[in-house]
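So you know, we letter chains A, B, ... as the sequences are listed, proteins then strands, and number each from 1. Heavy atoms only: backbone and side chains are in, while hydrogens, waters and symmetry mates are out.
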Protein chains: 2
Amino acid sequence: MNVRLMNFNEKIAAVFAATLKLIHTNGFHGTPMSKIAQESDVAIGTIYHYFPSKDDLIFALFKHCRSLLNDYIFDGIKEDFDYKASFFHVWRNFVKFYLENETVFSFFDQFFSSPYHEKNKAEIQEPIGGQNKVLDFLQEGIDQKILKQVDVHLLVASYIGVALATVHSIKFKDLKFTEKNMEELMEIIWDGAVNRNKNN
Amino acid sequence: MNVRLMNFNEKIAAVFAATLKLIHTNGFHGTPMSKIAQESDVAIGTIYHYFPSKDDLIFALFKHCRSLLNDYIFDGIKEDFDYKASFFHVWRNFVKFYLENETVFSFFDQFFSSPYHEKNKAEIQEPIGGQNKVLDFLQEGIDQKILKQVDVHLLVASYIGVALATVHSIKFKDLKFTEKNMEELMEIIWDGAVNRNKNN
DNA sequence: TGCAACCGAATGAACGTTCGATTGATGAAT
DNA sequence: ATTCATCAATCGAACGTTCATTCGGTTGCA
């Protein structure tokens, strides 16, 4: 891959967009390079000019999307938010991001459950988007005795797990994305995560 | 597909086993019919005798695995279990099943995040294994005022979402499957789900 | 002049599926 | 008891398609 990727060539942006769209609707199978070229109006040769192989393209796209997500979920936290407010804010952003970027959600979903994930695990580090920052944030809550005094990974699994399941459920029409539902969900997670010997 | 499938031909069992294994290690890509034939010692022609297409094979395998999971998770519930005990029991079985059947977990994971899922949604009904029974079970808890008085899908998302995230986390080595961890996780989910105006 | 960006026809490998042939079990007809 | 017809089960070589990738070429900026 190429350093120029960072200042974001229009061609590359088109390729990324086309790849996301195609994977969303046709899956990882069913999105050959030829269709990516067609959909993005970039010649196959050009794509291979930037990405040595299809795998490299997928992996670069993954890193790009991950950074989008990371930027998004911690955005808009005000100084005067207490821990609970931030806890809600980040979780809601997480769900919102995936709902607003359905193709990214599909892509991540497929990426993480495919052997791509395993193969590149070493290079990925943070298994689910922004999880390291989330992990630090939850650890902070543990240290301040706001959250349960348990292994932080248990809380991460709850926090992220419920968010992902929620998005799935909304996507497959079992659930409506209403203010009421989101608030009730956040109550469920908060009540589960919070240290009951102290706060509320 | 064939009715004889139900009394489980040895050949078909071999094909199913080989397919699960291959999909687990090589993903949905990377498991061509030729390799399934090779790994299972069943001729390609024979596989096509039972399944009209690769899609049909995958879908039949899905239904088979789903019924395995359904049988498993509600097994072993004693008459004298109260609701909380059953709540824990089923959740623990859910996690245990996936940990004991890693290939099935991989397969479901990939199946649900692929367009297979969308295409066959009408025929699937219960999106994640055994979810309908889980849904009924949780609805019962709501009706009895034991659980929070919310849309049951919110509780399903929490219950299943945390279980899936837990298995993922264990699989990718962030988490150990210890008694202590499982109990703390169940406390987290229970505290989140329970109706705080009443019980504990 | 050199080099990065760009193009798409051509290539060879890999894939899903087909099909004609073989086997063996069942049972009706002789 | 023997023959024969039928048909499901089995097999794998062969087919046509589709895929990822290559490569020789053009363009245009520095």
remark   = Hits for side-chain hydrogen bond (donor to acceptor under 3.5 Å, both in side chains) against His89(B), two or more places apart or cross-chain, chain-then-number order -> Asn93(B)
remark   = Residues passing the salt bridge (Lys or Arg N to Asp or Glu O under 4.0 Å) test with Glu100(A), sequence neighbours excluded, are none
request  = Could you tell me which residues satisfy salt bridge (Lys or Arg N to Asp or Glu O under 4.0 Å) with Lys171(A), sequence neighbours excluded, listed by chain and number?
outcome  = none
Scan nucleotides 21-23 of chain C against the protein and return all N/O pairs shorter than 3.5 Å with their distances rounded to 0.1 Å.
none

request  = Just jot down the salt bridge (Lys or Arg N to Asp or Glu O under 4.0 Å) partners of Glu39(A), sequence neighbours excluded, or say none.
outcome  = Lys21(A)
Tabulate atom names and distances for all N/O pairs under 3.5 angstrom spanning the protein and nucleotides 23-30 of chain D.
none

note = Sorted by chain and residue number, the side-chain hydrogen bond (donor to acceptor under 3.5 Å, both in side chains) partners of Asp71(B) (sequence neighbours excluded) come out as none
query = With sequence neighbours excluded, what pairs up with Phe107(B) under the ring-ring contact (aromatic ring centres under 6.0 Å, His included) test?
reply = Phe111(B)
key: Partner residues of Phe177(A) under the ring-ring contact (aromatic ring centres under 6.0 Å, His included) criterion, sequence neighbours left out   = none
task = Could you list the residues that satisfy side chain to side chain contact (heavy atoms under 4.5 Å, CB included) with Phe87(A), not counting sequence neighbours?
result = Tyr83(A), Phe137(A), Leu138(A), Leu147(A), Tyr159(A), Ile189(A), Trp190(A), Ala193(A)
task = Check Phe28(B), Phe62(B), Phe105(B) against Phe112(B) for a ring-ring contact (aromatic ring centres under 6.0 Å, His included) and give me the one that passes.
result = Phe62(B)
ask   = Counting only non-hydrogen atoms, which of residues 17-37 of chain A are less than 4.0 Å from DNA chain D?
value = Pro32(A), Met33(A)
note = Sequence neighbours excluded, the answer for salt bridge (Lys or Arg N to Asp or Glu O under 4.0 Å) partners of Glu184(B) is Lys180(B)
